Amino acid sequence: MRPEDEIARRHAQLDKLTKLYGDPFHITKFDKTHSATAVKTQFEALAAGEKTTQQVSVAGRVMAIRNGGMFIVILDDTDRLQIFHDIKAVTPQQKELLDLIDLGDIIGVAGLVRRTPRGEITVDATELKILSKALEPPPEKFHGLKDVEARFRHREQDLVATPRTRDTLRARYRMIAGIRQFLYERGFLEVETPMLHVIAGGASAKPFVTHHNALDLPLYMRIAPELHLKRLVIGGISEKVFEINRNFRNEGISPRHNPEFTMLELYQAYVDFTSMIEITEAIVYHIAVMLHGTGKVKFGELELDFTPPWPRRGMVDLIKEYTKTNLDLYAHPDAEDAREQAAKIGVKLEPGVSWGQVVEAVFGERVEHKLIQPTHVVDLPKEISPLAKAWPDRPHVAQRFETFVNGWEIANAFSELNDPREQRARFMEQAEQKRGPDDPPHPIDDDFIKAMAFGMPPMGGMGMGMDRLAMLMTDSQSIREVIAFPTMRPLDK
RNA sequence: GACCGCGUAGCUCAACGGUAGAGCAUUUGACUUUUAAUCAAAGGGUUGCGGGUUCGAAACCCGCCGCGGUCACCA
């Protein structure tokens, strides 16, 4: 049978079903008393072969039909469940209805619970209703959907066919809900800030550009919520705010980058970055325990231990340690000198980069990917931290940390700069800094500086990538596994 | 963006340059307490798309499309 014949056959099945029992797509509800798991849990004590007179009503997708409809396996959002019809006792009408069921259909069943002699909790159907027809066939029942492209393009099929996908995405959403709950309990107010920005600030990344017709105005999808969140704290809406939502960056796609990704950003007045270290550790540890019952999480061949506290290491010190060259970039505060030192160990940089950019580049090339267990990298250069306070006694160094796990940056936090004069100077500096050849200069957000001039309390702020954290928590090697609908290039037609 | 790899039936996968196959699914029949049900049979293909080499291309070459990986990019 050709594939289009299979679809035609299913349409014919639907027509026949409609003629005999009415259009299934007119059905609006089904009175479901038990989930698959609820049935299995409630009747766990039944012995093999034992029957009950307990009536339950269940519903789900048809995953398997065996022995000509004698055994039907359905899947709901909790588990699989077996449905039984005594094929020798069914009426011709019942047999006709059974023959109208195809793999993938949604059915509702009322019946009596028993445990089969082989040990399977089963519902002996007394009533059966086809609640919805699948006009396209499901993926192969045993091997499922393997083709990664098909899995991401048709996530609904992947969810039905691949238990791992259900587990991974559910864990991701539980994780995000868990973080929200954690922050609510600590007095944080969840807020919302604009996705459409006139100036895409708060980070350095290429934004997506869009256009507002009525205002005839170019708008940018936000690359970070940072500046607006600070303005809310400045306004005193709460001394503790957070937002968990999407950022959009018009950069390359990789196993660790999706054009839209979910960030947690939180800000707390009257604390510094060390409090951000504590809350970062607390959040991640809390999630590890919530999902795995322990701070130790398996990731590929690794076991990541999120039990606090995590080591805090200076960025320049780590460079010294990992390059094994005794290169102390603090001893080379001149940018050109530092650049030459970096070149000596094989890190080539364009002339004109700042000292901080040298440190960052060497770190990125020689250290970052080696930080496997959770590590806070502290003492980042001020020059690459335009929104962070520097240490008064160490003007090159920001009161900032980035947390690395498995070589990935998962968090970034600092004591937030609150001097509007300094902030303007930093932005000016940033605007002049050497960037990529095609990159537009950083625009300066005057509204933000004006807000800061209105009086901003000292505060700590932290950002954490939810997608990468979800990857770590679900042993996923690609960011696309933890995003329900990752960005895909469309197929023609 | 560069390089490497992959693309065969609805799904999972085979096929030395020599007639494109199997399992699942589908159809028909048998069986009927199965659980990847089983048994027998049948139908199902623009081998991603377009060109080329060749007596002959799923395979070799070129271009394109899509996906994956690595790198680049990404404070």
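Only heavy atoms go into these numbers, but all of them, side chains included; no hydrogens, no water, no symmetry mates. Residue numbering restarts at 1 for every chain, and letters A, B, ... go by the order of the sequence lines. Small disclaimer: the values here were computed from a predicted structure and weren't measured.
- We find that NE2 of A/His369 is positioned 10 Å from P of B/rA72, with the value rounded to whole Å.
- Taking the P atom of each, B/rA25 and B/rC11 are spaced 16 Å apart, rounded to whole Å.
- A straight line from CD1 of A/Ile65 to C1' of B/rC24 spans 14 Å, rounded to a whole angstrom.
- Comparing B/rG17 with B/rG52, their P atoms sit 23 Å apart, to the nearest whole Å.
- Within the 3.5 Å criterion, the main-chain N or O of A/Asp79 finds a donor-acceptor partner in the side chain of A/Asp76.
- If you check the side chains of A/Arg172 and A/Ser476, you find no donor sitting under 3.5 Å from an acceptor.
- Looking at A/Asp102 and A/Gln13, their side chains do bring a donor and an acceptor atom within 3.5 Å of each other.
- To the nearest whole angstrom, the two P atoms, one in B/rA22 and one in B/rA14, are 16 Å apart.
- Note on A/Pro255: only backbone sugar-phosphate atoms sit closer than 4.0 angstrom, heavy atoms only; bases stay farther off.
- Whole-Å rounding puts the A/Asn258 CG to B/rC74 C1' distance at 13 Å.
- If you take CZ of A/Phe71 and P of B/rA36, they are 12 Å apart, rounded to a whole angstrom.
- Remark: C1' of B/rG29 and CG of A/Asp99 are 14 Å apart, rounded to the nearest angstrom.
- Here the side chain of A/His143 is nearest to one of B/rA36, B/rU26, B/rC67, namely B/rA36.
- Rounded to a whole Å, the CZ atom of A/Phe152 is 8 Å from the P atom of B/rG69.
- Distance check on atom P: B/rU12 versus B/rU53 gives 35 Å, rounded to whole Å.
- One C1' atom belongs to B/rG18, the other to B/rC73, and the distance between them is 48 Å to the nearest Å.
- Nucleotides B/rA20 and B/rU32 are separated by 37 Å at their C1' atoms, to the nearest Å.
- Within 4.0 Å (heavy atoms only), A/Glu120 reaches at least one base atom of the nucleic acid.
- Of the nucleotides present, B/rG10 is the one that pairs with B/rC24 by Watson-Crick or G-U wobble criteria, both distances under 3.5 Å.
- Taking 4.0 Å as the cut-off between side-chain N and carboxylate O, A/Asp379 and A/Arg313 do not count as a salt-bridged pair.
- Using a 4.0 Å heavy-atom distance criterion, A/Asn412 is classed as making no nucleic acid contact.
- The pair A/Asp15-A/Lys19 does not meet the salt-bridge criterion, since no charged nitrogen lies less than 4.0 angstrom from a carboxylate oxygen.
- Considering only side-chain atoms of A/Leu145, the nucleotide from B/rU33, B/rU12, B/rC74 that sits closest is B/rU12.
- Among the nucleotides B/rC24, B/rA36, B/rC73, the one closest to any side-chain atom of A/Lys206 is B/rC73.
- Taking 4.0 Å as the cut-off between side-chain N and carboxylate O, A/Glu321 and A/Lys370 do not count as a salt-bridged pair.
- Shown here, B/rG1 forms a base pair with B/rC71; the pair counts as Watson-Crick or G-U wobble because both key distances fall under 3.5 Å.
- Between B/rA37, B/rC71, B/rC73, one nucleotide has an atom nearer to the side chain of A/Arg256 than all others, and that is B/rC71.
- Across every strand in view, B/rG63 sits in a pair with B/rC49 that passes the Watson-Crick or G-U test at under 3.5 angstrom.
- Residue A/Leu103 is classed as a sugar-phosphate contact, given heavy-atom separations below 4.0 Å to backbone atoms only.
- The gap from the P atom of B/rA72 to that of B/rC64 amounts to 24 Å, rounded to the nearest Å.
- Across all strands shown, A/Ala150 has no heavy atoms under 4.0 Å from either base or sugar-phosphate atoms.
- Counting non-hydrogen atoms under 4.0 angstrom, A/Gly364 reaches nothing in the nucleic acid.
- Residue contacts shown for A/Arg151 are absent, as no nucleic acid heavy atom lies under 4.0 Å away.
- Atom-to-atom, CD1 of A/Ile479 to C1' of B/rC74 comes out at 12 Å; the value is rounded to the nearest Å.
- Where A/Gln82 and A/Asp102 each meet RNA chain B at their nearest nucleotide, the meeting point lying more 5' is that of A/Asp102.
- For A/Arg489, a side-chain nitrogen or oxygen approaches OP1 or OP2 of B/rC67 to under 4.0 Å.
- Nearer the 5' end of RNA chain B, as judged by each residue's closest nucleotide, is the contact made by A/Pro138, out of A/Gln13 and A/Pro138.
- Base pairing of B/rC31 is not made with any nucleotide, judged by Watson-Crick or G-U wobble geometry with both donor-acceptor distances under 3.5 Å.
- Checking B/rG66, B/rA36, B/rU32 against every side-chain atom of A/Glu149, the shortest atom distance belongs to B/rG66.
- Ranking B/rU33, B/rA36, B/rC11 by closeness to the A/Phe84 side chain, first place goes to B/rU33.
- Separation of the P atoms belonging to B/rC49 and B/rC65 is 15 Å when rounded to the nearest angstrom.
- As rounded to whole Å, 17 Å separates atom C1' of B/rA37 from atom CE of A/Met63.
- Using a 4.0 Å heavy-atom criterion, one finds that A/Arg66 contacts the bases of the nucleic acid, with or without backbone contacts as well.
- Comparing B/rU33, B/rA36, B/rC74 by their closest approach to the side chain of A/Phe142 singles out B/rA36.
- For A/Arg153, whose side chain is taken as the heavy atoms from C-beta onward, the closest listed nucleotide among B/rG69, B/rG66, B/rA36 is B/rG66.
- Each of A/Gln42, A/His34, A/Arg114 was evaluated against A/Gln54; a single residue qualifies, A/Gln42, per the side-chain contact (heavy atoms from CB on, under 4.5 Å) test.
- Checking the phosphate oxygens (OP1, OP2) of B/rU12, no side-chain nitrogen or oxygen of A/Lys146 falls inside 4.0 Å.
- Between A/His369 and A/Phe404, every side-chain heavy-atom pair lies at or beyond the 4.5 Å cut-off.
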